[in-house]
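Indexing begins at 1, ligand by ligand and atom by atom, following the structure's order. Quick note: numbers below take in every heavy atom, side chains included, and nothing from hydrogens, waters or symmetry partners.
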Amino acid sequence: MDRSKAVATWTHIVDSKLLTRLSSDFPTMVTICGGGSSGKSTLFNSLLGDNFSPVGGSAGINRRVLVSANRKLVDQKDIVSALFEPFGCIPDLLRDKQDLTTPGCPLYIMSENIPQNLLLMDTPDFDTGAKGTYINRDVAQQALESSDILIYVFTNSNYNNRENTDFISEMLTGIGMRKCFLVYRTYPSFEKEEVLDHAMTVAHNLYSHDADRYVLGIYRTDEDNAVAAGNRYMTLRPVRNEDPSFMNALKTIDFRTLRIELLSSILKDVLGKAEDILEQGKTSHLELALYLDTLQTAQSLCVQEALQHFPVDLVVKRFTEIWMSTDPSYVKAMRKTGDWIELPFRVIFNTAKKVKNKLSKTESIDPSDEFVDKIEEDLVNSINRMHDMAVNPDISVSSTIKDPIAKRMLEAVEVVRSGKDLHRGQIPRVEPAGEMGALTFFVEAHPVVFQEQEKLRDTNWKLVLQSILSRKEVIVELSEEIDRELRSLADSFRSQMGVWTKIRQTFSAFLNVVPATVAVTYILSTGDPIGAAGIKVKLTGMFGLHDLYALVAIPATTGLKKVDQKQLDELLGPIVKVWLNDKLKVVKELFEQEVTGAIIRAAKDAIDASDDVLNQIELNIEACRKAMTE
Ligand SMILES: Nc1nc2c(ncn2[C@@H]2O[C@H](COP(=O)(O)OP(=O)(O)OP(=O)(O)O)[C@@H](O)[C@H]2O)c(=O)[nH]1
Ligand SMILES: [Mg+2]
């Protein structure tokens with residue numbers, strides 16, 4: 001059964017059927033139960049000495065529960081409504097016994113023959129119909145779950161019917177341990193041993209090895225035509241020598257002790273079950289956290305995929321502008337006079353003209369078309385991948401174990417796998433990935449997000465893509481945030497420049513190389529066919545923004561000296577990082593708005609809510625356990 005359904009069934013029983021009976025003055029409920037036409041109503045009438053309940057006909061004649069109570073009990077204020085609370089409807093006094101043959105709320109009768117502290121119930125059968133569609137089972141079950149003691153009536157044709165005894169066994173031992181009387185409607189010719197043997201088969205099927213402890217008495221009632229004809233009441237005879245007469249057995253039961261025993265066994269089971277549910281809840285909580293981590297990791301990777309191309313033209317140009325605008329005035333002055341000294345670069349790279357244009361302050365900065373195309377391609381690919389992962393029943397994602405989130409995921413996988421309640425088909429698993437120390441996580445989507453996944457599956461993906469692409473400008477443009485960051489980067493570069501560098505810069509400025517390394521970088525990268533549109537950016541660090549570091553892959557074709565390469569890395573690296581940090585945020589927002597947001601929110605909300613609930617359950621269980629030992 002689905003886990004949440006099982007929990008709901010169980011909490012329903014606890015809420016509506018058990019808690020009401022914690023009150024000590026609540027009468028003991030004795031319920032007659034059994035398969036169709038086994039003789040339940042005949043027994044009920046016989047015990048009360050009146051023909052209250054309809055008998056005979058085809059199996060399944062009783063459609064409602066009939067309760068008999070002493071008048072004095074019924075006169076007590078509120079007792080009837082409390083009694084019927086588990087049934088969810090206001091009970092009525094039985095006026096016409098034919099009413100019992102149509103479905104509806106339980107009915108009650110008042111009888112002087114029933115002790116004041118007792119209620120006797122006749123129930124519909126639980127086995128008329130076919131498996132899955134037993135017509136009276138729900139009504140019968142409701143009564144049985146509310147009972148303290150059952151009287152199980154069986155016949156020679158159904159004593160060994162496992163389906164029947166399994167059902168009754170669940171009622172007797174499912175939550176708490178209930179005791180029962182066994183009543184065997186048998187043939188007069190059957191010897192005592194045979195009757196006992198059949199009855200013990202039933203007892204064993206109900207309680208397994210605890211039969212002796214929980215069977216209150218075994219009685220036989222022999223087939224009798226006078227009973228069938230309605231001329232005589234049924235008589236019960238003890239099968240075992242030690243058992244008293246049925247009425248005596250009923251009267252001498254210490255109901256207080258029985259109630260206390262039953263309630264403490266219920267409480268024990270309830271606590272045990274609550275602990276199971278707590279464990280399941282914790283596992284599920286962890287599974288959800290694992291799924292969320294995996295989804296967000298996958299998203300991080302997709303976001304990075306969307307940003308594979310760095311618009312070097314754009315960003316370095318902007319940085320250069322900022323740098324020049326913050327140059328000391330003497331450097332600026334020198335620069336003005338040094339227009340002619342771009343010659344060395346022209347000689348070396350033959351791109352000086354282009355450089356001059358690009359470095360000119362008057363020209364507006366526009367990304368090249370080629371770059372915009374690349375961004376669009378990257379964006380479409382990555383968002384499609386993200387969409388697939390968000391709607392799929394499972395995600396797999398690779399990560400290095402050095403990453404703190406991967407560590408957390410690995411722990412979660414281990415706990416979930418060792419949990420005893422693996423309710424879903426696949427369990428999470430981890431496999432080594434290609435690189436050393438890298439792992440691939442395989443994680444299923446958690447039921448908490450199914451609804452949002454469904455919605456995402458139902459959206460018109462083409463329209464979503466269009467909407468995303470219409471906003472690609474956010475990737476292309478240089479935001480104020482980037483500007484601010486570049487400015488502070490320029491300040492920090494400048495503050496790190498030693499005397500030597502400053503002197504060199506003075507020279508550089510004089511040579512119109514401003515600042516030398518930036519210009520070199522610029523020329524190098526724009527002089528390269530790949531770099532023209534945006535140089536490739538390789539990212540280290542797997543997750544989110546916190547440990548991401550951009551390595552600028554400078555094409556080997558540029559023939560840089562090692563020293564220059566290092567200088568370039570030092571300079572270009574942080575500039576790329578400024579851009580990346582900003583864009584990672586922007587693209588992540590875009591992904592969450594268009595694809596993953598609702599799923600992530602559903603998961604986070606459920607995690608937050610269940611955190612509190614799980615803590616509360618744990619505290620409550622502790623309190624109950626403590627109270628039980630005191
Ligand atoms: N021959 C004989 N028939 C009996 C005896 N006890 C009950 N019956 C008959 O068995 C049939 C079913 O009896 P009920 O008491 O209606 O059985 P039930 O278990 O209440 O049946 P449902 O309410 O339909 O589930 C009736 O025709 C009874 O007269 C008995 O001791 N001897
Ligand atoms: Mg009946």
Side-chain angles (χ1 to χ4, degrees), residues 29-68 94 96-109 111 119-131 133-144 147 150-159 161 163-165 167-168 171 180-190 194-195 198-199 202 218-239 245-247:
M29 297 172 87
V30 182
T31 302
I32 302 173
C33 61
S37 279
S38 53
K40 300 179 290 298
S41 301
T42 308
L43 176 62
F44 180 85
N45 291 341
S46 302
L47 292 174
L48 297 173
D50 206 334
N51 286 325
F52 292 113
S53 192
V55 294
S58 46
I61 184 169
N62 286 70
R63 304 299 305 272
R64 311 192 195 197
V65 172
L66 177 62
V67 185
S68 62
L94 174 76
D96 179 354
K97 73 177 178 182
Q98 282 314 307
D99 290 348
L100 286 164
T101 63
T102 55
C105 287
L107 296 168
Y108 70 93
I109 47 142
S111 168
L119 288 171
L120 186 67
M121 294 203 275
D122 182 22
T123 59
D125 72 286
F126 52 81
D127 67 350
T128 300
K131 196 176 170 119
T133 53
Y134 297 116
I135 55 173
N136 295 321
R137 183 164 286 202
D138 289 352
V139 182
Q141 186 166 343
Q142 217 168 25
L144 300 182
S147 305
L150 302 193
I151 301 172
Y152 181 46
V153 186
F154 53 93
T155 64
N156 184 248
S157 59
N158 69 10
Y159 82 91
N161 179 327
E163 221 183 288
N164 280 15
T165 41
F167 172 72
I168 293 295
M171 297 298 114
C180 84
F181 287 103
L182 299 182
V183 173
Y184 188 6
R185 188 178 127 199
T186 184
Y187 299 108
S189 58
F190 275 23
E194 201 170 3
V195 170
H198 292 178
V202 174
I218 300 173
Y219 296 84
R220 69 184 284 175
T221 171
D222 294 352
E223 289 286 345
D224 184 344
N225 287 340
V227 173
N231 297 331
R232 192 187 290 170
Y233 288 125
M234 205 181 233
T235 47
L236 301 184
R237 283 189 292 138
V239 178
S245 75
F246 186 76
M247 264 325 211

Student check: side-chain heavy atoms of I168 and L144 closer than 4.5 Å: yes
Given side chains that start at C-beta, do those of S53 and N62 come closer than 4.5 Å, heavy atoms only? yes
Report all side-chain donor-acceptor pairs from residues 98-109 shorter than 3.5 Å, counting only partners two or more places apart or in another chain.
residue : atom : partner : partner atom : Å
T101    : OG1  : Q98     : O            : 2.5
T102    : OG1  : D99     : O            : 3.0

Result, protein N, O or S atoms below 2.8 Å from the Mg ion (ligand 2), excl. waters, equals 2
Q | Pi-cation contact, F167 with R137 (under 6.0 Å, within 45°) | A | yes
D127 side chain reached by E163 side chain, heavy atoms, under 4.5 Å: no
- Item | 4.5 Å side-chain heavy-atom contact, L43 and R185 | no
Could you give me the CA-CA distance, side-chain angles and deciding distance for V30 and I151, then say whether side chain to side chain contact (heavy atoms under 4.5 Å, CB included) is met? CA-CA 7 Å; V30 182; I151 301 172; 3.6 Å; yes
* To do: Answer whether the closest heavy-atom distance between the side chains of Y187 and V195 falls below 4.5 Å.
  => no
By chain and number, the residues contacting ligand 1 below 4.0 angstrom (heavy atoms only) are G35, G36, S37, S38, G39, K40, S41, T42, V55, G56, S58, A59, G60, I61, N62, D125, R185, D222, E223, D224, N225, V227, A228, M234
Taken in chain and number order and not counting sequence neighbours, the residues that satisfy side chain to side chain contact (heavy atoms under 4.5 Å, CB included) with A199 are F154, I218
